[in-house]
Number of protein chains: 2
Amino acid sequence: MDTRRRILDVARELFAARSYAGTSIADITGRLGMSKAALYYHFSSKAEILSALVAEPLAAYERLADSHLPPAELLAAVVDTTAGYLDVVDAIGSDPSARAVIRDLSRQRGADEINATIVAALAGPAPSEPRRVRAHAAYAVAKHGTLSLTAGGKLATHDRAEILAAAMRALDA
Amino acid sequence: MDTRRRILDVARELFAARSYAGTSIADITGRLGMSKAALYYHFSSKAEILSALVAEPLAAYERLADSHLPPAELLAAVVDTTAGYLDVVDAIGSDPSARAVIRDLSRQRGADEINATIVAALAGPAPSEPRRVRAHAAYAVAKHGTLSLTAGGKLATHDRAEILAAAMRALDA
DNA sequence: GTCTATAAGACGATAGAC
DNA sequence: GTCTATCGTCTTATAGAC
C-alpha cells in the first residue's frame with residue numbers, strides 16, 4: 001500500500017514538469033524502477049492516477065464555493081486551501097490536458113466553474129463593474145499570489161497574513 | 001501564406017484546450033480539413049508551430065523584465081502585455097508541456113525566470129519580507145487578474161484602470 | 001506484487017506523385 | 001501546395017508466468 005503513494009508522488013512531480021499528456025506510464029515506472037505492469041496492479045488506468053491525485057483538493061475548493069463565507073473569511077480559506085494542496089494545485093491546476101481529463105471524469109462542475117463561483121461570492125450580490133473587477137483581483141492574489149510566493153516551500157505565518165491583507169486591499173477600494 | 005495563419009489559429013485553440021502534448025498534428029489538420037503532409041509544408045516540426053506562436057509575446061515579457069520601469073509603469077505594462085497577447089498567454093502560459101519545449105528551444109531565459117525578474121523589479125532593491133510578498137501579490141493581480149477578468153474578450157478601458165489600481169493597492173501597504 | 005512479452009493503435013515525420 | 005501511403009517509434013493497457 002506504500003507503493004501506491006510512491007507512484008502518486010512521482011506522478012505529481014512529472015505531471016507538473018511535463019503535463020499529464022506529456023507524461024507516459026513508462027516515464028513514471030522508469031523513475032520508480034518498476035515495470036509498467038506493476039503500476040497497473042495499483043491503478044487501472046492513467047486517468048485513475050490523476051483522479052486519485054486531485055480528488056481531495058478539488059473537493060476542498062468545491063466546499064469553499066458552496067460555503068457562503070463572507071469575503072474576508074473566504075479569501076483566507078482560499079489562501080489556506082491553495083497552500084495546503086500546493087503541490088497538486090501547482091502540478092495540475094494549470095495543465096489543460098489534466099483539466100480536460102478531470103472534466104470528462106463524470107464530474108458535474110469543472111475547475112473553471114468553481115473558480116467563477118468563488119469570484120462571484122467575493123463580488124457579492126448584484127456587484128458594480130468595478131466591484132466585479134476587484135473580486136477578480138482579490139482572487140488572483142489569494143490563489144496565484146500564494147502559489148508563486150510559496151513555490152516549492154511552505155507558507156509562513158507572517159507571509160500568510162501579508163498576502164491576505166494584500167488580497168483585502170485589492171478587493172476594497 | 002494565409003494557410004500558415006489558419007494553422008496557427010487552430011493550434012493555439014487546441015493547445016489551450018488540451019495542452020501542447022495533448023494535441024496531435026492530426027487533431028490540427030483534421031479540424032482544418034487538410035492532410036498532415038500539407039501542414040509539414042508550412043512547418044518543419046510540431047515544436048516550430050509552438051515557437052511561432054510564442055515568440056512575440058515571450059519577447060515582449062522579456063523586454064518588460066529588462067525595462068527598469070518604476071513599479072506603477074511596470075504593472076501597467078504587465079497588464080497591457082497580458083491583455084495584448086491574451087489568447088497566447090492563456091493557451092500556453094499555463095501548459096507545462098509547452099513550457100518544457102520552449103525551454104529546450106535554445107532560449108536563455110525561460111518564462112519562470114522572466115516572471116521572477118519582474119517580481120524582483122516590483123519589490124525593489126533589498127526588499128523587506130512583507131514588501132517581497134506584496135510584489136508577488138501585485139504581479140498576480142496584473143497577470144492572472146487580467147487573464148481571468150478578460151477571459152475570451154477584450155480589456156475595457158475602465159476595467160484596465162480598476163485592475164491597475166487594485167494591483168497598486170496590493171503592492172503598497 | 002512484480003516480472004517479460006506483446007497486442008493494437010496513435011504519434012511525429014517523410015517519400016514521392018500530382 | 002496538397003495528396004496518399006508509409007516508416008519507425010512510442011503509447012496505453014493486458015496476458016500469463018513467477
Side-chain angles (χ1 to χ4, degrees), chain A residues 1-55 91-92 95-107, chain B residues 1-55 91-92 95-107:
Chain A
M1 207 49 150
D2 178 54
T3 306
R4 203 184 140 94
R5 274 244 73 85
R6 292 202 308 133
I7 291 170
L8 289 174
D9 283 344
V10 170
R12 174 167 27 73
E13 195 177 324
L14 290 177
F15 290 171
R18 319 178 192 176
S19 90
Y20 173 77
T23 303
S24 72
I25 300 292
D27 288 336
I28 298 172
T29 57
R31 185 173 295 203
L32 285 166
M34 61 166 51
S35 69
K36 290 181 283 174
L39 182 145
Y40 275 97
Y41 173 83
H42 297 277
F43 294 94
S44 66
S45 72
K46 190 185 170 185
E48 208 204 285
I49 300 176
L50 179 63
S51 176
L53 230 31
V54 299
I92 292 148
D95 172 7
S97 56
R99 293 167 78 97
V101 170
I102 293 167
R103 242 192 316 275
D104 295 350
L105 233 50
S106 78
R107 171 163 280 279
Chain B
M1 207 50 152
D2 178 54
T3 307
R4 202 183 142 93
R5 274 245 75 84
R6 293 203 307 134
I7 293 169
L8 288 174
D9 283 344
V10 171
R12 174 167 26 74
E13 196 178 325
L14 290 177
F15 290 172
R18 319 179 193 175
S19 89
Y20 173 76
T23 302
S24 71
I25 299 292
D27 287 337
I28 298 172
T29 57
R31 183 172 296 204
L32 286 165
M34 61 165 53
S35 69
K36 287 187 287 176
L39 181 145
Y40 275 97
Y41 174 82
H42 297 278
F43 294 94
S44 67
S45 73
K46 190 185 172 187
E48 208 205 284
I49 299 175
L50 179 64
S51 176
L53 230 31
V54 299
I92 292 147
D95 171 8
S97 55
R99 294 166 77 97
V101 171
I102 294 167
R103 242 193 315 275
D104 294 351
L105 234 51
S106 78
R107 171 163 280 280

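Everything quoted here is computed from the prediction, not taken from an experiment. Per chain, numbering begins at 1; letters A, B, ... match sequence-line order.
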Exercise. Within the structure, does a side-chain N or O atom of B:S44 lie under 4.0 Å from either OP1 or OP2 of C:dT14?
Worked result: no
[X] side chain: which of [options] is closest?
X     : options               : value
B:Y41 : D:dT6, D:dC3, D:dT2   : D:dT2
A:K36 : D:dT2, C:dG12, D:dT12 : D:dT12
A:A37 : C:dC3, D:dT12, C:dT2  : C:dC3
B:S24 : D:dG1, C:dG12, D:dT12 : C:dG12
B:A38 : C:dC3, C:dG12, D:dT2  : D:dT2
A:M34 : C:dG12, D:dT12, C:dC3 : C:dC3

For the pair made of [atom1] in [X] and [atom2] in [N], what is the distance, rounded to whole Å?
X     : N      : atom1 : atom2 : answer
A:L39 : D:dT12 : CG    : P     : 10 Å
B:I49 : C:dG12 : CD1   : P     : 9 Å
B:Y40 : D:dT6  : OH    : C1'   : 14 Å
A:L32 : C:dG1  : CG    : P     : 15 Å
B:I25 : D:dT9  : CD1   : P     : 19 Å
B:E48 : C:dA13 : CD    : P     : 10 Å
B:H42 : C:dA13 : NE2   : C1'   : 16 Å
B:F43 : C:dG12 : CZ    : P     : 15 Å

At under 4.0 Å between heavy atoms, what does [X] touch on the DNA or RNA strands: base, sugar-phosphate, or nothing?
X     : answer
B:G22 : nothing
B:T29 : nothing
A:S35 : base

Problem set entry | Beyond-backbone contact of B:F15 with B:L53, side-chain heavy atoms, under 4.5 angstrom | yes
Exercise. Are any of the side-chain heavy atoms of A:I92 and A:I102 separated by less than 4.5 Å?
Worked result: yes
Within the distance-only criterion (no hydrogens, no angle test), does the side chain of [X] pair as donor or acceptor with the backbone N or O of [Y] below 3.5 angstrom?
X     : Y     : value
A:S97 : B:G22 : no
B:Y20 : B:R99 : no
B:T29 : B:I25 : yes

